[in-house]
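Notes follow once the structure below has been shown.
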Amino acid sequence: MIPIYLAGYYPIASYTYTPLNQLKHGSVVNVYGAVKFFKPPYRSRGTDYCSVVSIMDQSNAKLTCMLFSVNLDTLPVIYKIGDIVRFHRLKIQQYKNEIQGVTTVGFSSLTFEGTLGTPVIPRTSSKIYTFTSDDQKTVEALRVWAAHHISSSGALIKLSDVKAMQFFDLTCELVGKAEVDGSSVLLKVWDGTKPPFPSWKVLFEDGSLEGDADRINQLQNLTVDILVYDNHVALAKSLQIGSFLRIYSLHTKIQPITPKKQSNIAHLEFHLHGGTCYGRGIKVLPENNYSDFIYTCLSFIQNCNVVVIFLFHVAQDFVSPCDLERCQQLSATVLTDHQYLETTPLSAILKRDAPQQYRIRAKLRNYEPQKLYQSVKLHCPKCHSLQEVPHESDLELVLQEAATEQPDPKLQNTSLYNSEVWTTQNQQERKIVIHFIKNDGILQVPEVTLIMIEGGLLSEIYQLSKKFKGVIPVKSSQEDLIVLDLAVPFLIQGKTWHYGCKQCSKLKTMQNLNSLVKEASWTPVCIAEALGIVPLQYVFVMTFTLDDGTGTLKVYLMDCEKFFQIPASEILNSDDLQKNMEMIMYMLCPPGKKIGEYPWLECFIKSYNVRNEVEQEICYRIFDTVIAEDLI
DNA sequence: GGTTAGGGTTAG
């Protein structure tokens with residue numbers, strides 16, 4: 001039972017909110033705004049923590065606020081520009097001909113994720129606060145306004161796309177820490193991605209490195225060394241190993257090459273310089289997200305449409321040690337974007353309309369199909385149809401049928417290709433013609449030569465594909481050679497059999513390959529385009545049954561190669577890739593183990609409506625999620 | 001309810 005205290009049990013405070021262009025010097029006001037700039041809380045030279053926050057609203061006025069508090073927790077929990085804040089009891093005063101907001105007695109704040117369509121969940125340390133359906137509307141309206149008027153701090157940068165000489169914000173896990181000297185601290189961190197350049201290695205005294213030595217060793221190529229200076233040292237020293245951090249305005253530099261170092265590979269230095277310019281600082285992300293509980297309450301309350309006062313702290317009683325452990329446990333998947341979305345419990349998702357986007361954390365209870373080859377399909381990017389990958393026996397039938405037709409000698413040996421004809425001896429004198437495409441009138445070595453084949457059977461095509469750059473099955477028609485049939489691949493290249501969409505392709509004859517000859521650009525995309533073919537994509541199509549303890553949800557995965565980091569186009573012809581895939585599924589959903597021992601998966605999912613004749617159904621699909629690199 | 005900081009990159 002989640003405690004909900006309804007109106008009537010407590011006196012309801014009513015609040016009015018002043019637009020930011022109507023603030024008067026000397027007044028104490030309540031305001032809403034979208035965060036334009038912020039400095040994460042840091043120790044001031046006085047007795048308090050300080051956070052500087054600039055906000056804007058629909059009036060287009062900006063207000064910079066100086067927020068002070070002895071208690072770190074009571075300052076707003078802002079993660080990024082574009083977050084929405086609500087301040088109660090903010091004093092307005094004048095400074096250098098401009099007004100500014102300052103905390104005053106009883107100041108309190110709520111912060112909300114600013115992304116459109118995400119659940120409206122307040123972040124706050126307040127034990128009691130009001131939140132009405134009007135508040136909900138205000139937040140949603142500010143999100144819409146902010147989406148058009150506040151530029152975010154740019155794409156989220158991960159260690160895998162970090163460059164030299166830049167300032168950026170990093171979300172990461174702290175795996176090691178060492179005091180280097182009086183004025184700097186080393187933080188060893190990683191974010192689940194692999195940096196493109198090796199990190200510099202900061203030297204420290206033996207025995208001064210805190211953290212699990214095995215884990216630091218295991219992650220050594222994935223972690224980077226950050227040197228933290230001056231005013232950030234005290235906070236850095238207090239950080240717990242294993243905590244998740246947001247480091248703002250982290251600076252990268254190329255390490256100067258000194259004559260002593262033989263290595264000629266560029267190494268990257270990571271510095272968190274002194275000062276708080278541009279919001280430079282460190283924020284510890286919460287170990288556990290109590291807002292999940294609040295959200296469950298909220299979705300109930302919205303239905304009742306009543307004003308409610310929450311007793312926030314009681315919700316903490318529902319957080320078990322198991323939940324804490326779960327948050328500290330790393331996920332088997334990595335999010336490639338939107339890291340700031342907060343986790344939503346599956347039970348809450350099941351109650352909501354589509355379309356929405358969510359971040360979830362759940363275990364893979366079951367998946368379908370269980371047989372790998374059944375999960376690989378062909379998808380048309382144009383008409384979005386899905387079809388099975390043709391079975392070899394079906395291909396052979398089409399090829400056998402075509403082999404009974406007579407090749408037209410008039411279509412052999414043109415300026416585009418040289419032709420060779422063979423007659424088989426044991427099979428009713430079947431004729432096979434191979435047309436070798438020339439490069440600017442000259443025949444090349446097999447490895448770079450594209451060939452077309454008439455009358456070939458599957459085994460012959462397969463053998464030829466091992467020797468030549470690519471094989472196109474064709475047949476004679478009145479004017480020119482044409483693609484044999486889109487029921488068979490239009491191109492066999494290496495281990496990949498390329499198919500075209502029957503509905504969307506408007507076939508052109510083979511002489512159209514002339515446009516590609518000069519550049520010898522025999523890529524599947526170029527060949528398909530020259531021949532009027534819309535190529536089909538190989539995709540993994542699977543249903544995951546996910547379970548986070550609050551509910552279960554069936555979600556679809558449709559993926560070319562991003563999620564598993566295995567190309568769906570090659571897996572059917574590669575034993576190695578099939579083994580990799582089996583290992584991944586074995587790891588995600590280990591047979592014979594209890595679900596408690598399964599790894600957690602962190603995923604983004606989007607919900608969407610699907611209508612059939614009878615009813616409307618909400619479906620869910622995974623996106624922007626990949627299997628963690630250290631598990632592959 | 002006094003101080004802190006009062007946005008606009010270090011220079012290791």
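These figures come from a predicted structure and were not determined experimentally. Within every chain, numbering begins at 1; the chains are lettered A, B, ... in the order of the sequence lines, protein sequences first and strands thereafter.
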The side chain of [X] is closest to which nucleotide in this list: [options]?
X	options	answer
A:F68	B:dG6, B:dT9, B:dT4	B:dT4
A:V52	B:dG6, B:dG12, B:dT4	B:dG6
A:K62	B:dT10, B:dT4, B:dG8	B:dG8
A:Y95	B:dT10, B:dG6, B:dG7	B:dG6
A:Q100	B:dT9, B:dT3, B:dA5	B:dA5
A:V105	B:dG12, B:dT9, B:dG1	B:dG1
A:Q93	B:dT4, B:dG6, B:dT9	B:dG6

**Request:** Please report the closest heavy-atom contact between A:T276 and A:K39, naming both atoms and the distance.
**Result:** OG1-NZ, 2.7 Å
Nucleotide [N], atom [atom2] - distance to [atom1] of [X] in whole Å:
X	N	atom1	atom2	value
A:F38	B:dA5	CZ	P	19 Å
A:Y49	B:dT3	OH	C1'	16 Å
A:Y229	B:dG12	OH	P	8 Å
A:L203	B:dG12	CG	P	17 Å
A:I81	B:dG8	CD1	P	13 Å
A:L186	B:dG12	CG	C1'	14 Å
A:L67	B:dG7	CG	C1'	13 Å
A:I99	B:dA5	CD1	C1'	17 Å

OP1 or OP2 of [N] under 4.0 Å from side-chain N/O of [X]:
X	N	answer
A:K39	B:dG6	yes
A:R280	B:dT10	no
A:Y278	B:dT9	yes

Once you apply a heavy-atom cut-off of 4.0 Å, does [X] come out as touching a base, just sugar-phosphate, or nothing?
X	result
A:H251	base
A:E269	nothing
A:T47	base
A:G274	base
A:Y42	sugar-phosphate

**A:Y17 ring center within less than 6.0 Å of A:H88 ring center** =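 Ring-ring flag for A:H88/A:Y17: true, centres closer than 6.0 Å.
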**Conformer about C1'-N of B:dG7 - syn within 90° of 0, anti elsewhere** = anti
**Prompt:** For the ring pair (Phe, Tyr, Trp, His ring centres under 6.0 Å) test, which of A:Y278, A:Y248, A:Y79 pairs with A:F38?
**Reply:**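 Only one option passes, and that is A:Y248.
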**Item:** Donor-acceptor contact below 3.5 Å, side chain A:R359 vs main chain A:E342
**Value:**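 No, because the side chain of A:R359 does not come within donor-acceptor range (under 3.5 Å) of the backbone of A:E342.
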**Request:** Could you give the distance separating B:dG6 and B:dT10 at their P atoms, to the nearest angstrom?
**Result:** 13 Å
**Request:** Please tell me which of A:S54 and A:K91 maps to the more 5' nucleotide of DNA chain B, matching each residue to the nucleotide holding its nearest heavy atom.
**Result:** A:K91
**Asked** Salt bridge or not for A:R361 and A:D548, using N-O below 4.0 Å?
**Response** no
**Face-to-face contact A:F167 to B:dT9 six-ring, under 5.5 Å, under 30°** =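 Stacking is present between B:dT9 and A:F167, given that their ring centres fall under 5.5 Å apart and the planes under 30°.
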**Prompt:** Given A:V189, which of A:V224, A:L222, A:T223 fulfils the side-chain contact (heavy atoms from CB on, under 4.5 Å) condition?
**Reply:** A:V224
**Prompt:** CZ of A:F112 to CG of A:D83: how many Å apart, nearest 0.5 Å?
**Reply:** 10.5 Å
**Message:** Should the side chain of A:T64 and the base of B:dG6 be counted as holding a donor-acceptor pair, with the cut-off at 3.5 Å?
**Reply:**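 No.
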